[in-house]
4 protein chains.
Amino acid sequence: MKIIAVGGYEAVGRNMTGVSVGKETVALDNGIRLDTLQMYDREISMLQAKKPEYLARMDVLPRADRLKDVVAQVISHGHLDHIGGLPFNRPRAPIISTPYTVEMGKREYRGGDFSSIGYGEVSEVSSNFSVELVEVTHSIPYSSFVVLHTPEGDVVYASDFRFDNNSIIARTDYKRLRELGRGNVKALIVESTRSRVNGKTPSEALVRQELKDVMEFIDSGLIIATTFSTHIERIQSILDEVVKVGRIPLIVGRSLVKNIELARRFGLLELPSNAKLLATPKAIKAALAELGDRDKYFLLVTGHQGEPDSVLSKMTDGRFQVKLQKNDSVLFCTDIIPTPLNYATRHVLETKLKSFGVNIFEGIHVSGHASREDHRHLLKLLKPDHIIPCHGSMDMRSDYLVLAAEEGYEVNNQIHLLMNGTEIDL
Amino acid sequence: MKIIAVGGYEAVGRNMTGVSVGKETVALDNGIRLDTLQMYDREISMLQAKKPEYLARMDVLPRADRLKDVVAQVISHGHLDHIGGLPFNRPRAPIISTPYTVEMGKREYRGGDFSSIGYGEVSEVSSNFSVELVEVTHSIPYSSFVVLHTPEGDVVYASDFRFDNNSIIARTDYKRLRELGRGNVKALIVESTRSRVNGKTPSEALVRQELKDVMEFIDSGLIIATTFSTHIERIQSILDEVVKVGRIPLIVGRSLVKNIELARRFGLLELPSNAKLLATPKAIKAALAELGDRDKYFLLVTGHQGEPDSVLSKMTDGRFQVKLQKNDSVLFCTDIIPTPLNYATRHVLETKLKSFGVNIFEGIHVSGHASREDHRHLLKLLKPDHIIPCHGSMDMRSDYLVLAAEEGYEVNNQIHLLMNGTEIDL
Amino acid sequence: MKIIAVGGYEAVGRNMTGVSVGKETVALDNGIRLDTLQMYDREISMLQAKKPEYLARMDVLPRADRLKDVVAQVISHGHLDHIGGLPFNRPRAPIISTPYTVEMGKREYRGGDFSSIGYGEVSEVSSNFSVELVEVTHSIPYSSFVVLHTPEGDVVYASDFRFDNNSIIARTDYKRLRELGRGNVKALIVESTRSRVNGKTPSEALVRQELKDVMEFIDSGLIIATTFSTHIERIQSILDEVVKVGRIPLIVGRSLVKNIELARRFGLLELPSNAKLLATPKAIKAALAELGDRDKYFLLVTGHQGEPDSVLSKMTDGRFQVKLQKNDSVLFCTDIIPTPLNYATRHVLETKLKSFGVNIFEGIHVSGHASREDHRHLLKLLKPDHIIPCHGSMDMRSDYLVLAAEEGYEVNNQIHLLMNGTEIDL
Amino acid sequence: MKIIAVGGYEAVGRNMTGVSVGKETVALDNGIRLDTLQMYDREISMLQAKKPEYLARMDVLPRADRLKDVVAQVISHGHLDHIGGLPFNRPRAPIISTPYTVEMGKREYRGGDFSSIGYGEVSEVSSNFSVELVEVTHSIPYSSFVVLHTPEGDVVYASDFRFDNNSIIARTDYKRLRELGRGNVKALIVESTRSRVNGKTPSEALVRQELKDVMEFIDSGLIIATTFSTHIERIQSILDEVVKVGRIPLIVGRSLVKNIELARRFGLLELPSNAKLLATPKAIKAALAELGDRDKYFLLVTGHQGEPDSVLSKMTDGRFQVKLQKNDSVLFCTDIIPTPLNYATRHVLETKLKSFGVNIFEGIHVSGHASREDHRHLLKLLKPDHIIPCHGSMDMRSDYLVLAAEEGYEVNNQIHLLMNGTEIDL
């Protein structure tokens, strides 16, 4: 069995790993790097016209051509760093994921040969591979651990996850993980973004508590919140609290509306009856025209990282119908994704918000990624023979290595640090 | 009216402010600085023998002799940076505080002329001053805003506080604050430790949620938690969760036991029936001898900052009955009080804990101090004429100044930055 | 006498201070803030069309209309945060500075009524004011302390400076400063950007030593250096070293060429005989076409902060004639001006440079601003009655306050923290 | 050939690496970790009485017993993290180093079987190994790269070094390194402490320039400087400048005097004729009694990290003959060795110095360790087949790995990340 590090083995993002048995290879994930994409953003509108080689040179895409004889492309979940490479790399093998993630994939890559399986089902790909998806909690609905059953043992691909036993839309299938651990997990390929962080990642319940605290505290002015468009559970937490304080929720921005509609189709999100989804300039204009008494309204908008073309940034630049006023409040229900570009755009946004006298509430957020003790717990559940940390800088992956060594794994013999373009025979 | 900055106007700690009307002065708080005390800790056992001048030279004590004709010494709450100077400065005027804080004061300064008043009562000190204590939430029971009613208007001393509407042991008296605001608040003297921090300080409810999350997550090994000895609400949060997971709580350390006993006398803390309070070496030894199955026990101990003589540090040095093992867990239910010395002692502690294979959970904590929006809210409630930020470095106090300027106050005319040893006429 | 804080009293940049005696006011400096300008840079091409009120709203310009009855506008030196407001605020009073700075001013504001005086000359403005410029060292030629002689005493405006006794193009006039100190300096208005930094700011001689070390170390590949276009002494240091290692210097970029030409006219810079100044695309193209053996060439270019339209950024984006190669070297002869936007653009630049295999040498730089001990020294020289820290955030100015308090000055009585829009009577 | 990672492969310090050929092993270095030693410093006086196993448990000593059949113990240079383990591990094999380093080794471990060789000599240890020492520059005299000539090729041990072509006491033997590179360097074992740092490490010439700048700047008061006791070149730089400003140098502290005396015996240091070496309390007392006019004296003392028992700390605690005064200056001619404990002790020291009104000048220092470009240069000189980064945390070593990958080395096949207790067959 060979594990081939294609992308995500030098920096966070553009995740892609290959697993080869015999002459066949399964590709795991096919994402982009958003930070490098931003660096070249002048060309962003022309991305579609560019060849994948160009995007790989820019460190945006994984070099998918490193994988030969691909019999299946499995996708763990719908975040762009796992799925965003599809329209550029355009895999011809079947693309397998959960029904929800398949819907997200189709939005990105219309011509793909998608195939969906439910949690617990096993899909036979070839004599060498059958694929199983195991339910886990993350910050997007229908995330999976991908299990590849092979004649040489199982490979578990665990990127991305956290353990949250208070999630209201997902439930980690501990029972199945324990079963797999009692069997023969030959290799665990595992994300490492927060392997340095002590403790366990807190539950989304914490965010609900903090939202309650903040929303009850604010007694007047317009309230505006922003979060990840794909984080349906977070959006539900926010809307539930809006209902409790009796405000009218207006949801503004195309990506928010698109993801909310998908989630509703899957029964994952309950929209307050007085909520309005506003995606087109015309709808927005009409709805906001009536926004008389700001104390009665609540806006959920895009722009948590200060993206220049987001709704929130446009509001601060006067390119939007709603004018910000002193005593309005903005709630950042995300962290800053830690890149220098995000620190800059967010700084610009906050500076402009403050110039209007807006009050800022930030850090109403918990991470979607496992911390040290979550990782330790996973090792105890799965008992893999080999460990390959993925999805992280050398620092993050070597921190995972230290953790695994603490749990008795041997460096180089059992724990393997790869770099993009390298591979290992197990 | 004169406001005299005695201590807390250059760095966090050794708080003392004087308010003079006519020839009379009221002293507000009388604390020490713990970080400077640590710097000279070789002499700590000899502190009692030292003259206050010596301790003031070391920047440990406020120079209380700056205040003349003191007619009352009022204490806001029982933390050492507000009360710890009493045994050295030994005020001869009546020392006024809530009954609970008076008990804490008596422990420090046996010969003091203490006098307690309840929330809502007004105690007449002289023709110039009467004293009122208003209930607020902080991280110790029975914290107060001190209101000095004078012929020239009211002075409100707001150090320290946060707004927590989900506290189970205290309730901010918003009604009274609003009444005061409708009257004549001439000056607000207000802490500034977190005036730079956006948003509002989260509620203790968040800690309860996080404790639940972590305690349910840990399935084996000894669990050890550490927090501030005086933070009774936090201790209650911890013990409640211990009961839920069915472990036997052992509470180890003199300062913890002393404070818990005081809180129980005041009906502030409910101890689980199977809890054991262990203050003497003998009691500890006997109780821990039986500690066979570590999965059944829970230890609450001193040592959250890595203090070398705390229970937790002694455990890591092998100077204690309990040996740490791989898979034990330590929960830090505090932050690191941000001084280089604490970073060092805590680093030493964590390094040693990890050398035993102990799993660390940290940051199970919310601050006891108001953030930017809490401060803004207080200004709206009290509508003071003048503002004097106290209890903070120049950075913290000047951040408060910027906040007050945002709310329309004039720098130098209405907002005043003082330094230790300076005063201002209003 | 009144000191009016117009700009530079909340954040670094857009410096402007007024000094009023009787009914007359002298305006000191008239700069812009570059960080806020960048935040609104979509509109940058339209800046000229905007009204000053708009730019002031964006915190780019000082609100010059706060100053009434301005009899003179004095400029300390030619950096944009001191001079860049001229074309927008368009002062009608005479604009006074050194001949060199006047030349820079004319480039910005063609219609201005400029008037130059040499160091040591005194120019009578009115019965209330005469102006004198005293030579100091900074990071641009012909910087001055501005001295306003008034019937009520002297005002010294010391923004910006450092003390460098090894400068090859400027010489601080200690003798005159000492004379002023023996007289009657009523107020010192002084920059505070590095008042927190211990020690003294190192001399440019350090940079010369470090350049020698680095240039001798690099044995092959193209060498590219970037520094501030206005920092003539630094440019001379670089070119001297290029001559020593025997490479051919090409100087590329309009702002570099423009400033070098000005400096040569004033006899401040000696260009190597084989150096080429390349300002137009055509000249650049022709010169670089012959760039065969990279080991023989040296490029001095714009782009030290990663500005997207600089020569260096264009090279990394393939929008330039020279292709970067593995083993080329880039020398950053500046620091990163500490704003989130600069950290981001510089990060992008360095990421792209590394993607070509370029070796990076950074921090070949000393600051142009005074540190703590330089400031202490200035106080000893000038012995002012009053001190108003300017050109800095509240943090920087309050650090200066602490320094002045250490030297015996009284807070509020002698040291004054102002904010934009406030003033003080002395 | 086997490379065995004994110490220095998890954190900086306690360096020890084994190289085995056939049944024989050569041990390279034998150091201690100073940061962990400090953590257990209560026991420091009892260290000699402790067994090495105890010190290894504390992560202070390398586990020397991992190496069997040791035929030689070679020492690269005299710093404690390379030599300090000798008295505890007490190797019985011959201990080989330069004459200077042997003298330092004998001070630590009196009973050792020391054997010295000069640069350029080759000492045959057995049929498998002969040892050669190559001159390099570092921050202590007589540092060496250790070359082990074996039948399977050469092993070069490069820990620690920088390239400084302006050193006045050492000269890197580039010629020999180039020769080795033309031969057969099978493995390079190389320090990694600053592999993340861009550029090249600056020369000591920079410190000389900065010292000149600072010393000429200070016009009155006592001047006190502190630096590493073993950094003879730095001490010479300081004393040279003292002579130039015409002050009388008093050198105070046992470790300083001891190292200066050794350096003088080897002709490495020229002491000013009026300098006084003061090691005993009596000598110090006598010399300082006459210290009347502080402007005439200069003190070189121990205490750069704020070590509590150093001369400088004792001065701040009043446990020393010299009283500090306002306007005295302290020059820190070192950096802070980046551990939390050093940040704490140094913070305490600086706080106390400032409480006397002492002016602080810090960072008069360049590192003794190679930066990224120095490392790249070494790879070009030596062209090793295999690379094993040592002497660094996982972060530092994995940064080195990335650098080596940039230069074309294959991860896992040619670059090897080891951990303490692991080994690799080449």
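Sequence lines set the chain letters: A, B, ... in the order given, protein chains first and strands last, and positions in each chain run from 1.
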Chain A neighbours within residues 361-368 of chain B, where any heavy atom lies under 4.5 Å away: B:Phe361, B:Glu362

Taking all non-hydrogen atoms of both residues into account, name the closest pair between B:Asp213 and A:Thr201 and its distance. OD2-O, 4.1 Å

In this structure, are over 12 heavy atoms from other groups packed under 6.0 Å from A:Lys296 atom NZ? no

Taking a cut-off of under 4.5 angstrom between non-hydrogen atoms, the residues of residues 217-228 of chain A near chain B are A:Phe217, A:Asp219

Within residues 191-199 of chain A, residues adjacent to chain B where the heavy-atom gap is under 4.5 Å: A:Asn198, A:Gly199

Return the CD to CD distance between A:Gln209 and B:Glu210, rounded to the nearest 0.5 Å. 11.5 Å

Are B:Asn359 and A:Arg376 close enough that some pair of their side-chain heavy atoms sits under 4.5 Å apart? yes

Check: A:Glu407 and B:Lys326 side chains under 4.5 Å, non-hydrogen atoms: yes

Rounded to the nearest 0.5 Å, what separates atom NZ in B:Lys212 from atom CG in A:Asn165? 8.5 Å

Just jot down the side chain to side chain contact (heavy atoms under 4.5 Å, CB included) partners of A:Ala170, sequence neighbours excluded, or say none. A:Glu135, A:Thr137, A:Ser167

